[in-house]
Novice: 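Take a look at this one; I'll ask things after.
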Amino acid sequence: MSKLYFRHGAMNSGKSTALLQVAHNYEERDQRVLLVKPAVDTKGDRSVVSRLGVTRDVDFLVTPEMNLREAFADFATESAALGPIACLLIDEAQFLTTAQVDQALEIAVLDRVPVLAYGIRTDFLTHGFPGSIRLLEIAHSLEELKTICRCGKKAMYNARLFDGKFVFHGEQVAIDGVHVTYESLCPNCYLREKAAAEEA
């Protein structure tokens with residue numbers, strides 16, 4: 001039986017790099033993969049962007065109203081001449097809707113195509129993203145990709161910086177850009193920065 005996998009980790013844990021490596025491994029064995037990411041992730045436009053500098057265009061962007069299983073089936077049918085799809089790879093899976101995560105499970109179980117979803121569990125306030133919460137609930141397999149904090153401990157949280165200063169208020173989604181950046185921190189460093197921001 002094909003499975004739904006959720007590979008999660010704090011930012012800079014190599015999720016996009018791992019996804020691109022999986023795509024390479026499949027294709028090296030002449031198996032076709034389908035790469036998608038939510039449209040809300042505007043970083044890299046229509047590409048998966050690894051912090052190591054490796055990029056690759058996605059096959060399509062997933063919009064919030066899209067039925068993922070139907071879009072998958074349509075794409076597979078339209079491109080059937082290229083061969084069957086051996087694996088669906090999803091970058092930034094935290095931005096999927098809960099319904100789309102359920103549809104990803106259907107692709108794995110009913111359509112028998114493995115689905116590997118990569119993303120972060122929580123936002124900069126340590127609150128779960130709806131897509132991640134649902135993946136944690138129903139994925140067959142959970143794997144944590146690890147990275148380290150500036151202090152050398154395991155990083156768990158994604159702290160947001162605005163113009164170089166840590167902030168602990170704002171919308172859940174703010175994509176990396178000129179003003180907004182993120183730093184992966186351990187719980188100790190995260191709480192220390194939060195206390196300092198509240199005192200400022």
Side-chain angles (χ1 to χ4, degrees), residues 2-26 33-44 47-52 54-56 58 61-62 64 68 87-109 113-160 171-176 180-191:
S2 296
K3 297 179 179 179
L4 171 61
Y5 300 81
F6 183 34
R7 295 177 176 171
H8 61 86
M11 297 178 90
N12 293 309
S13 59
K15 297 178 297 299
S16 296
T17 303
L19 179 150
L20 294 172
Q21 181 65 52
V22 169
H24 172 77
N25 291 347
Y26 268 92
V33 298
L34 179 64
L35 267 68
V36 303
K37 74 172 188 174
V40 68
D41 176 36
T42 55
K43 182 179 180 182
S47 299
V48 172
V49 179
S50 163
R51 293 182 194 279
L52 291 181
V54 182
T55 64
R56 176 170 168 167
V58 297
L61 296 172
V62 181
L68 181 59
C87 181
L88 171 61
L89 299 169
I90 306 172
D91 196 33
E92 304 293 353
Q94 70 272 8
F95 296 137
L96 295 176
T97 65
T98 55
Q100 288 166 342
V101 174
D102 290 343
Q103 292 152 13
L105 178 67
E106 291 172 356
I107 292 168
V109 175
V113 176
V115 179
L116 283 69
Y118 293 78
I120 57 178
R121 291 182 307 163
T122 59
D123 64 18
F124 73 113
L125 297 175
T126 72
H127 300 153
F129 285 96
S132 298
I133 292 169
R134 190 64 180 141
L135 281 161
L136 290 167
E137 292 170 338
I138 68 170
H140 294 92
S141 174
L142 302 173
E143 179 185 348
E144 183 179 18
L145 303 179
K146 298 177 179 69
T147 189
I148 59 170
C149 177
R150 58 169 88 142
C151 70
K153 295 177 183 173
K154 175 184 160 185
M156 293 177 59
Y157 303 128
N158 307 296
R160 180 182 292 171
E171 296 294 322
Q172 185 175 51
V173 178
I175 306 300
D176 275 340
V180 175
T181 56
Y182 291 88
E183 183 178 345
S184 301
L185 299 175
C186 72
N188 285 348
C189 290
Y190 178 89
L191 292 174

Novice: Quick one: list whatever passes ring-ring contact (aromatic ring centres under 6.0 Å, His included) with Tyr118, sequence neighbours left out.
Specialist: none
Novice: Give, for atom CD of Glu106 and atom CG of Leu4, the distance between the pair rounded to the nearest 0.5 Å.
Specialist: 11.0 Å
Novice: Do the side chains of Val173 and Phe129 get nearer than 4.5 Å, heavy atoms only?
Specialist: yes
Novice: Would you mind reporting whether Met156 and Arg121 have side-chain heavy atoms less than 4.5 Å apart?
Specialist: yes
Novice: Quick check for you: to the nearest 0.5 Å, what is the distance between Leu116 atom CG and Lys15 atom NZ?
Specialist: 14.5 Å
Novice: Could you tell me whether the side chain of Asn158 and the main chain of Thr122 form a donor-acceptor pair under 3.5 Å?
Specialist: yes
Novice: Going through the distances and angles, do Glu143 and His8 end up as a side chain to side chain contact (heavy atoms under 4.5 Å, CB included)?
Specialist: CA-CA 6 Å; Glu143 179 185 348; His8 61 86; over 6 Å; no
Novice: Among all residues two or more places apart in sequence or in another chain, which pass the side-chain contact (heavy atoms from CB on, under 4.5 Å) test with Pro64?
Specialist: none
Novice: So do Ile148 and Lys153 actually touch side chain to side chain, heavy atoms under 4.5 Å?
Specialist: no
Novice: Please list, chain by chain and in numerical order, all residues satisfying side-chain contact (heavy atoms from CB on, under 4.5 Å) with Leu191, sequence neighbours excluded.
Specialist: none
Novice: According to ring-ring contact (aromatic ring centres under 6.0 Å, His included), who are the partners of Tyr26, at least two apart in sequence or on a separate chain?
Specialist: none
Novice: After noting the C-alpha distance and the side-chain angles of Ser50 and Ser16, does the key distance pass the side-chain hydrogen bond (donor to acceptor under 3.5 Å, both in side chains) rule?
Specialist: CA-CA 5 Å; Ser50 163; Ser16 296; over 6 Å; no
Novice: Restricting to non-hydrogen atoms, name the atom on Tyr157 and the atom on Thr126 that form the minimum distance, rounded to 0.1 Å.
Specialist: CD2-CG2, 3.6 Å
Novice: Say you draw a straight line from SG of Cys87 to CG of Leu34; how long is it, rounded to the nearest 0.5 Å?
Specialist: 9.0 Å
Novice: Nearest 0.5 angstrom please: Arg7 CZ to Ser141 OG, how far?
Specialist: 6.5 Å
Novice: Quick check for you: to the nearest 0.5 Å, what is the distance between Ile107 atom CD1 and Gln103 atom CD?
Specialist: 7.5 Å
Novice: With the side chain counted from C-beta on, respond yes when His24 and Leu20 share a heavy-atom pair under 4.5 Å apart, and no when they do not.
Specialist: no
Novice: Within the 3.5 Å criterion, strictly below it, is a donor on Ser13 or Thr147 matched to an acceptor on the partner's side chain?
Specialist: no
Novice: Which pairs, with at least one residue in residues 129-138 and sequence neighbours excluded, count as a salt bridge (charged side-chain N to carboxylate O under 4.0 Å, His left out)?
Specialist: Asp102-Arg134, Arg134-Glu137
Novice: As a quick check of understanding, evaluate side chain to side chain contact (heavy atoms under 4.5 Å, CB included) for Asp91 and Val58, giving each step before the final call.
Specialist: CA-CA 9 Å; Asp91 196 33; Val58 297; 6.0 Å; no
Novice: Just how far is it from atom CG of Asn12 to atom CD1 of Ile120, taken to the nearest 0.5 Å?
Specialist: 11.0 Å
Novice: Using a 4.5 Å cut-off on heavy atoms from C-beta on, say whether the side chain of Leu19 contacts that of Lys37.
Specialist: no
Novice: With a 4.5 Å cut-off on side-chain heavy atoms, are Phe6 and Ser132 touching?
Specialist: yes
Novice: Does Phe124 have any ring-ring contact (aromatic ring centres under 6.0 Å, His included) partners at least two apart in sequence or in another chain, and if so, which?
Specialist: none
Novice: Would you mind reporting whether Leu142 and Leu136 have side-chain heavy atoms less than 4.5 Å apart?
Specialist: yes
